**Q** 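Input: one structure, supplied below.
Small disclaimer: the values here were computed from a predicted structure and weren't measured. Ligands are counted one by one from 1 in listed order, and the atoms in each one are counted from 1 as well.
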Amino acid sequence: MRVLVTGGAGYVGSVSVEALVAAGHDVLVLDDLSRGHRDALPGGVRLVEGSYGDPAIVGQLLANTPVDAVLHCAARSLVGESVSDPALYYRENVAGGVAFLEVLREAGVRRLVFSSTAAVYGTPASVPIREDAVLAPINPYGETKRTFEGALRWYAAAYGLRSVSLRYFNVAGASGRNGEVHAPETHLIPNVLAAAEGRAALTVFGIDYPTPDGTCIRDYLHVEDLARAHLLALEATSPGDRVGVGAGALAINLGNGGGFSVREVLAAAETVVGRPIPHAFGERRAGDPPVLVADAGRAGEILGWRAQHRDIVEIVASAWAWRQAHPDGYRA
Ligand code: UDP
């Protein structure tokens with residue numbers, strides 16, 4: 001199938017593009033390169049530079065190159081930024097997202113996979129989190145993702161848009177070609193590895209949580225497992241698919257099957273780099289729930305998906321290998 005990938009030059013998008021190409025699909029990328037990297041795209045993948053929220057660009061693109069399905073990865077995705085500038089998140093993730101859906105509707109595109117987030121759940125009442133848990137986002141990022149998921153539900157009922165929204169927590173690791181480069185970087189694993197390289201100081205945020213070792217537990221998902229889930233979800237939106245999603249909008253959690261504490265991630269990284277990593281212990285970071293772990297059972301039942309890279313040492317090792325091979329990140 002021919003797939004349009006928005007945000008295909010970003011971290012999650014680019015590894016998903018790799019998976020789609022490897023599976024023999026024809027891939028077209030739409031990315032404004034505001035945070036993506038041209039170099040992240042494999043050779044032969046066409047890039048249209050622009051925003052998914054620009055109806056003229058998307059309309060022209062689809063008129064020139066009709067597509068069978070869309071993988072929508074592009075979005076603003078920083079929690080802190082969403083709190084300080086919610087207008088940006090509503091403008092891009094919601095208004096831009098709905099403008100995009102409108103052009104897809106006009107062009108007759110009826111299959112979409114949405115790269116959503118477990119931030120739609122907010123602070124869960126219980127873990128592991130199932131898809132039928134209450135959606136109560138605690139920041140504009142999660143709220144705007146939930147709002148877009150809501151649009152997908154109503155578009156399914158009224159216009160027959162078949163969609164899958166994938167909800168996941170902490171994406172980590174790298175493929176051989178692509179890895180994580182964010183500026184500023186807030187995520188644990190890149191911060192730990194930057195400390196190992198002597199590039200930045202590492203603070204562990206809070207050691208008094210109600211967890212076995214006092215630090216927060218998170219569900220770290222290897223980016224290649226996520227990419228494979230995107231591929232399987234796209235295939236499941238086919239009207240002829242064995243399980244299919246009918247004319248509906250499905251939400252599916254993704255996760256590693258368990259969680260790892262901050263101390264466990266740090267220990268894994270010390271194993272990978274082969275030396276102690278300097279760190280300090282600091283205050284809790286605002287808004288961090290003690291434990292976030294997904295119940296990924298539905299992904300197994302419907303997509304036949306299960307995380308393959310479940311070992312935290314392996315996940316961190318892939319991130320480290322990529323950093324060693326790309327000490328300056330993406331140059332372009
Ligand atoms: N964390 C930390 N130091 C850092 C970055 C993160 O202790 O420099 C902790 C953070 O408080 C959370 C966990 O690591 O408990 C994962 O944070 P991250 O920002 O990677 O992902 P989040 O869970 O916020 O999506």
Side-chain angles (χ1 to χ4, degrees), residues 10-12 35 75-84 89 115-124 127-129 136-146 166-174 179-223 226 253-256 258-270 272-273 276-294 312 315-316 318-320 322-323:
Y11 171 46
V12 167
R35 278 143 304 132
R76 294 279 168 180
S77 62
L78 297 177
V79 168
E81 181 184 61
S82 81
V83 174
S84 59
Y89 281 67
S115 209
S116 189
T117 171
V120 295
Y121 297 114
T123 305
V127 286
I129 306 169
I138 55 170
N139 51 62
Y141 168 60
E143 184 80 57
T144 57
K145 289 278 190 170
R146 176 176 77 160
L166 296 175
R167 299 172 178 163
Y168 49 88
F169 290 108
N170 303 61
V171 188
E180 187 171 13
V181 183
H182 294 123
E185 186 55 77
T186 60
H187 292 125
L188 178 64
I189 291 175
N191 282 357
V192 168
L193 297 181
E197 292 162 350
R199 292 181 189 227
L202 173 68
T203 303
V204 173
F205 298 137
I207 52 169
D208 58 349
Y209 283 96
T211 58
D213 69 16
T215 63
C216 288
I217 293 175
R218 292 290 180 272
D219 193 332
Y220 294 91
L221 181 62
H222 194 291
V223 67
L226 173 55
N253 285 345
L254 302 174
N256 191 9
F260 298 97
S261 72
V262 174
R263 285 190 207 260
E264 286 172 328
V265 170
L266 185 55
E270 290 181 335
V272 169
V273 306
I277 298 175
H279 59 276
F281 296 110
E283 295 297 308
R284 291 183 177 195
R285 189 173 68 177
D288 273 343
V291 183
L292 291 174
V293 175
I312 192 67
I315 293 173
V316 175
S318 77
W320 181 243
W322 192 85
R323 291 175 75 96

**Q** Distance-only, no hydrogens or angles: does the D219 side chain make a donor-acceptor pair with backbone N or O of N256 under 3.5 Å?
**A**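 Looks like yes, one N/O pair under 3.5 Å.
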
**Q** Can you find a pair of side-chain heavy atoms, one from Y89 and one from V79, that are under 4.5 Å apart?
**A**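 With C-beta onward as the side chain, the pair stays apart.
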
**Q** Which residue supplies the protein heavy atom nearest to atom 3 (N) of ligand 1, what is that atom called, and how far is it?
**A** T203 O, 2.8 Å

**Q** With side chains defined as the heavy atoms from C-beta onward, is the minimum distance between S82 and E143 less than 4.5 Å?
**A**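 Answer no - side chains too far apart.
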
**Q** Does any part of the side chain of L266, heavy atoms only, come nearer than 4.5 Å to the side chain of H279, both counted from C-beta?
**A** yes

**Q** Which atoms from ligand 1 have a heavy atom of C216 less than 4.0 Å away?
**A** 15 (O)

**Q** For atom 9 (C) of ligand 1, what is the closest protein heavy atom, and at what distance to 0.1 Å?
**A**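 Atom 9 (C) of ligand 1 sits closest to the protein heavy atom V262 CG2, 3.8 Å.
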
**Q** Quick one, Y141 with E81, criterion side chain to side chain donor-acceptor pair (under 3.5 Å). Give me CA distance, side-chain angles, the key distance, then yes/no.
**A** CA-CA 8 Å; Y141 168 60; E81 181 184 61; over 6 Å; no

**Q** For the 3.5 Å polar cut-off, considering only N or O atoms, please tell me whether L188 and ligand 1 meet it.
**A**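 Yes.
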
**Q** Tell me which protein heavy atom sits closest to atom 24 (O) of ligand 1, plus the residue, atom name and distance to 0.1 Å.
**A** R285 NH2, 2.7 Å

**Q** How does H187 reach ligand 1, by side chain, by backbone, by both or by neither, if only non-hydrogen atoms under 4.0 Å count?
**A**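 Within the 4.0 Å criterion, H187 contacts ligand 1 through backbone and side-chain atoms alike.
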
**Q** In the protein, what heavy atom is nearest to atom 11 (O) of ligand 1, and what distance, to one decimal place, separates them?
**A** D288 OD2, 2.5 Å

**Q** May I ask you to test the V127-I217 pair for a side-chain heavy-atom distance under 4.5 Å?
**A** no

**Q** What protein heavy atom sits nearest atom 5 (C) of ligand 1, and how far off is it?
**A**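 The answer is T186 O, 3.4 Å.
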
**Q** Starting from atom 4 (C) of ligand 1, what is the nearest protein heavy atom, named by residue and atom, and what distance separates them?
**A**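 Atom 4 (C) of ligand 1 sits closest to the protein heavy atom F205 CE1, 3.4 Å.
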
**Q** Got the closest protein heavy atom to atom 23 (O) of ligand 1, with its distance?
**A** R218 NE, 2.7 Å

**Q** Under 3.5 Å between some N or O of ligand 1 and some N or O of N191?
**A** yes

**Q** Within the structure provided, determine whether V316 and V273 are in side-chain contact (heavy-atom separation under 4.5 Å).
**A** no

**Q** Hey, does Y220 sit under 4.0 Å from ligand 1 if you only count heavy atoms?
**A**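 So Y220 counts as touching ligand 1.
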
**Q** I need the atoms of ligand 1 closer than 4.0 Å to a non-hydrogen atom of V204, numbered in the order shown.
**A** 7 (O)

**Q** Do R167 and K145 make a side-chain contact, defined as non-hydrogen atoms from C-beta onward lying under 4.5 Å apart?
**A** no

**Q** To the closest 0.5 Å, what do you measure between OG1 (T123) and CD1 (I129)?
**A** 9.0 Å

**Q** May I ask you to identify the nearest protein heavy atom to atom 25 (O) of ligand 1, giving residue, atom name and distance to one decimal place in Å?
**A**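 Looking at atom 25 (O) of ligand 1, the protein heavy atom closest to it is N170 ND2, 3.6 Å.
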
